[in-house]
Amino acid sequence: MARLLDRVGWTHDADLAASRLLEPGAGDGAFLVEVVKRLAASFRRRGIPLRIDTLRERVLAYELVPAEANKARSRVVAAMKASGIHQATAHACARAWVKTGDFLLADLPTTPFSHIVGNPPYIRWSKLPDSIAAAYSAKLPRTIARGDLYLPFLHRSFELLHARGRCAFVCSDRWRYTVYGDDFRSHWQSFLEIDTEPAGNPKDIFDRDVYVHPEILTATPLATPRRPRTRRRVCGKTLAELGCTIRVGPALGITPAFVLQPEEADVEPELLHPWIDAQEIRQGDVRSCGRRVVSPFDDWGDIIEIDDYPLLAARLGRFSDQLRARYIVRNGAVWYRTIDKVLPTAWCRPKLLIPEIAKSPRVAVDHTGAIPSHGVYAVFSHSLDIEDVYDRLRDGKLAKALAPVAPKIKGRYTRCYRRFLAMIRI
């Protein structure tokens with residue numbers, strides 16, 4: 001929470017006398033405690049009295065669950081009293097600041113907010129009760145009433161952001177590249193400068209294990225809105241139209257368990273196969289350092305019996321606790337399998353290798369049959385020679401082809417996601 005408040009400039013030494021902060025999903029008030037501390041310190045530095053008339057309009061928070069809203073009010077009162085604010089003022093502010101209600105359905109104020117922070121709920125739209133989904137669909141624009149619930153939270157918050165305001169959220173990174181985020185991206189990236197950075201480990205951010213990458217999203221209005229780019233007419237066919245197969249390298253689960261360094265030899269040789277990660281892919285060639293990956297599957301894709309491979313059993317036994325704690329194992333998979341099947345025959349044909357995230361997208365041809373890491377995409381051509389496809393993407397042409405379709409992420413890196421690779425024309 002402190003990182004979010006720092007990002008938007010809600011700090012002890014900032015002038016917050018006329019500022020307005022919005023928290024669209026207050027929960028039990030964890031954010032609001034830090035908000036109070038910084039607001040009180042800012043007022044004191046400037047000699048502003050801490051009274052209901054000076055404090056009432058500074059903060060507005062919504063919380064759907066009544067019990068949680070009550071907890072938030074109690075925490076606001078406690079934080080204010082600890083900051084030396086009169087008890088009557090603390091209770092009045094708590095009532096004014098924390099509203100029990102659904103942010104997505106509420107009639108929101110028309111006065112914009114200078115600071116907006118929060119950690120919106122991450123719930124797939126398909127998991128919502130039918131009655132709630134119907135209410136949201138009737139209230140919200142069709143383009144955002146889908147995918148994940150955090151998307152309309154961002155949309156409604158952005159609508160309330162002051163022209164010189166700043167917004168920061170902890171949320172999933174999926175809005176940047178999923179189909180359901182297309183309209184959201186095309187609209188708001190014309191009006192806002194949106195920056196992102198990793199927020200940390202998902203289990204430290206969310207209340208339960210989720211398969212998302214949380215990020216801190218910071219948004220500020222552009223002084224001059226960008227005009228949507230008019231895409232020039234492009235000849236050629238897309239990789240999808242050419243019938244290319246594009247797939248990402250298999251997820252392993254615990255990489256150190258399944259990937260052997262060049263000097264390691266503690267697994268039966270017949271289970272080992274060449275492995276390449278993104279750092280080994282240069283523009284035009286692959287510089288393998290000699291690592292190998294374990295395939296705990298037979299030629300038919302069935303999991304092997306680990307008792308038949310004592311060396312592998314001993315190696316994976318050193319990682320047993322981590323391997324057994326994985327989601328797939330808790331749901332019935334054998335403890336020593338990889339998340340995705342590692343099948344050498346699926347990767348043996350000549351292929352292009354493209355790192356998923358790159359400052360400057362790069363591509364190389366692999367003829368070795370190496371298995372790529374989960375951070376690398378492989379392109380297999382069925383209608384053209386793979387060298388011909390490579391020639392059409394080499395020397396910066398891949399980056400140029402991706403520019404109109406692939407979003408930029410923090411640091412101006414390009415995410416070479418499978419959907420965007422399928423859309424490029426050659």
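On a predicted model such as this, the values are computed, not experimentally measured, just so you know.
- In this structure, Arg20 satisfies the cation-pi test against Phe113, with its NZ or CZ atom closer than 6.0 Å to the six-membered ring centre and inside 45 degrees of the ring normal.
- Side-chain atoms of Arg337 come within 3.5 Å of backbone N or O of Ile339 as a donor-acceptor pair.
- When atom types are taken as modelled, the side chain of Glu63 and the backbone of Gly27 share a donor-acceptor pair closer than 3.5 angstrom.
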Original post:
Passes ring pair (Phe, Tyr, Trp, His ring centres under 6.0 Å), Trp347 versus His273? Steps please.
Top reply: CA-CA 10 Å; Trp347 306 96; His273 307 277; over 10 Å; no
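- Asp321 contributes no side-chain N or O that, together with a main-chain N or O of Ala325, makes up a donor-acceptor pair within less than 3.5 Å.
- At least one side-chain heavy atom of Val59 sits less than 4.5 Å from a side-chain heavy atom of Val35.
- Proximity of Ile357 to Thr414: side-chain heavy atoms (C-beta onward) are nowhere separated by under 4.5 Å.
- Using cut-offs of 30° and 60° for the angle between ring planes, the Trp125 and Tyr136 rings count as tilted.
- Judged by distance alone, the side chain of Arg142 and the main-chain N or O of Ser137 form no donor-acceptor pair under 3.5 Å.
- Of the possible polar contacts, one joining the Ser83 side chain to the Ala79 backbone as a donor-acceptor pair under 3.5 Å is found.
- The NE2 atom of His115 sits 14.0 Å away from atom CD of Glu23, with the distance rounded to the nearest 0.5 Å.
- Counting heavy atoms from C-beta on, the side chains of Phe153 and Tyr122 never come closer than 4.5 Å.
- In this structure a side-chain-to-backbone donor-acceptor pair under 3.5 Å is present from Arg292 to Gln261.
- Annotation: side chain of Ser373 is in contact with side chain of Val376 (closest heavy-atom distance under 4.5 Å).
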